[in-house]
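Everything numeric in this text was worked out from a predicted model, so none of it was measured. Here, residue 1 is the first one in the sequence, and each next residue gets the next number.
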Amino acid sequence: MAGLRSDSQAMTVPYKRILVAGLSALMLIATAASGGASAPPESAVADGRHDFDWEIGNWRTSVRVLADPLSESADEWLQFTGTSLVRPLMDRRANVVELEVSGPAGRIDGLNLRLYEPQAQRWSLTFVNMRDGLLTPAVYGGFRDGVGEFYGDDQLGGRPIKVRFLVYRQGSDRARFEQAFSGDGGTTWETNWIAVDRRVS
């Protein structure tokens, strides 16, 4: 998400990470297909591969993005609206989110590829910004008590930061997603991305 640029302006927007997982997912799939260590029996592993099944389908999306995260400037929130389409892949062991939103500040088109790793019992989420075609570093985690928590490392303006991505399922037809950055190793967090999805019937 760090450093996403809108299509209409040379404006930095902290979205470059959300909608997550690409080459890393393909590499993991290829590694699994080529052999390597045998996986433990399914019954011996906590099966989280269906954690995102509820999200498959079409959604209307409202997004607020903090224009200049982890800065001393006054908070300026940019508004976007559009759609999200969540498609299952590989028998739902992976899925991809296609995000298309726009607003006065420009347009965001991105992919979020999510891959379940049964050996690690976790999901990896990797965002692809279609403006530049680049993958962001993945965030890793899973769901507990109905809330998804995912953490990773990235850079913002050349300095290392921590990234936190939260997923809240708010009933069968509504979900909320929040991204936050930390410049102090995770002691404090600043939220810079809030998306609310409502299912399209």
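- Counting only heavy atoms from C-beta outward, the side chains of Gln79 and Val63 never approach each other to under 4.5 Å.
- Closest heavy-atom contact between Thr81 and Ser62: CG2-OG, 4.1 Å.
- A heavy-atom distance below 4.5 Å is not found between the side chains of Val65 and Trp77.
- For the pair Arg60/Thr83, a side-chain contact is recorded, criterion being any heavy-atom separation below 4.5 Å from C-beta on.
- Across every non-hydrogen atom of Asp109 and Asn129, the tightest pair is O-OD1, 3.6 Å.
- Considering CZ of Phe181 and CD of Gln155, their distance stands at 12.0 Å, rounded to 0.5 Å.
- Cation-pi geometry between Arg49 and Tyr116 is not met: the NZ or CZ atom fails to fall both under 6.0 Å from the ring centre and inside 45° of the normal.
- Here the CD-CG distance, from Gln179 to Leu166, works out to 10.0 Å after rounding to the nearest 0.5 Å.
- Contact annotation: the side chain of Val86 approaches that of Arg114 to within less than 4.5 Å [non-hydrogen atoms, C-beta and beyond].
- Minimum interatomic distance between Val200 and Trp59 (heavy atoms only, all atoms of both residues): CG2-C, 3.8 Å.
- Minimum interatomic distance between Asn95 and Pro88 (heavy atoms only, all atoms of both residues): CB-CA, 4.1 Å.
- At a threshold of 4.0 Å, the pair Arg174-Asp197 does not count as salt-bridged, since none of the basic side-chain nitrogens sits closer than that to a carboxylate oxygen.
- Note that OG of Ser182 is 8.5 Å distant from CZ of Arg164, once rounded to the nearest 0.5 Å.
- Look at Glu98 and Arg87 and you find a salt bridge, because one of the NZ, NE, NH1 or NH2 atoms lies within 4.0 Å of a carboxylate O, short of that distance.
- Just one of Phe150, Tyr151, Phe143, Phe52 meets the ring pair (Phe, Tyr, Trp, His ring centres under 6.0 Å) condition when paired with Trp123; it is Phe52.
- If you chain together hydrophobic residues whose side chains sit under 4.5 Å apart, Tyr168 and Ile56 never meet in one group.
- For the pair Leu99 and Val101, the minimum side-chain heavy-atom distance is below 4.5 Å.
- A pairwise comparison of heavy atoms in Gly133 and Val128 identifies C-CG1, 4.3 Å as the closest pair.
- Using modelled atom types, one side-chain atom of Glu190 and one backbone atom of Leu70 make a donor-acceptor pair closer than 3.5 Å.
- Ser84 and Val97 make their closest contact through CB-CG1, 4.3 Å (heavy atoms, listed as atom of the first residue, atom of the second, distance).
- The hydrophobic clustering, which links ILVMFWY residues whose side-chain heavy atoms are closer than 4.5 Å, places Met130 and Val96 together.
- Taken to the nearest 0.5 Å, the CG atom of Asn192 stands 11.0 Å off from the CG atom of Leu78.
- In this structure, the side chains of Ile194 and Arg176 come closer than 4.5 Å at one or more pairs of heavy atoms.
- Distance check: Arg199 CZ to Glu55 CD gives 8.0 Å after rounding to the nearest 0.5 Å.
- Of the inter-residue distances, the one linking His50 atom NE2 with Asp91 atom CG reads 7.0 Å to the nearest 0.5 angstrom.
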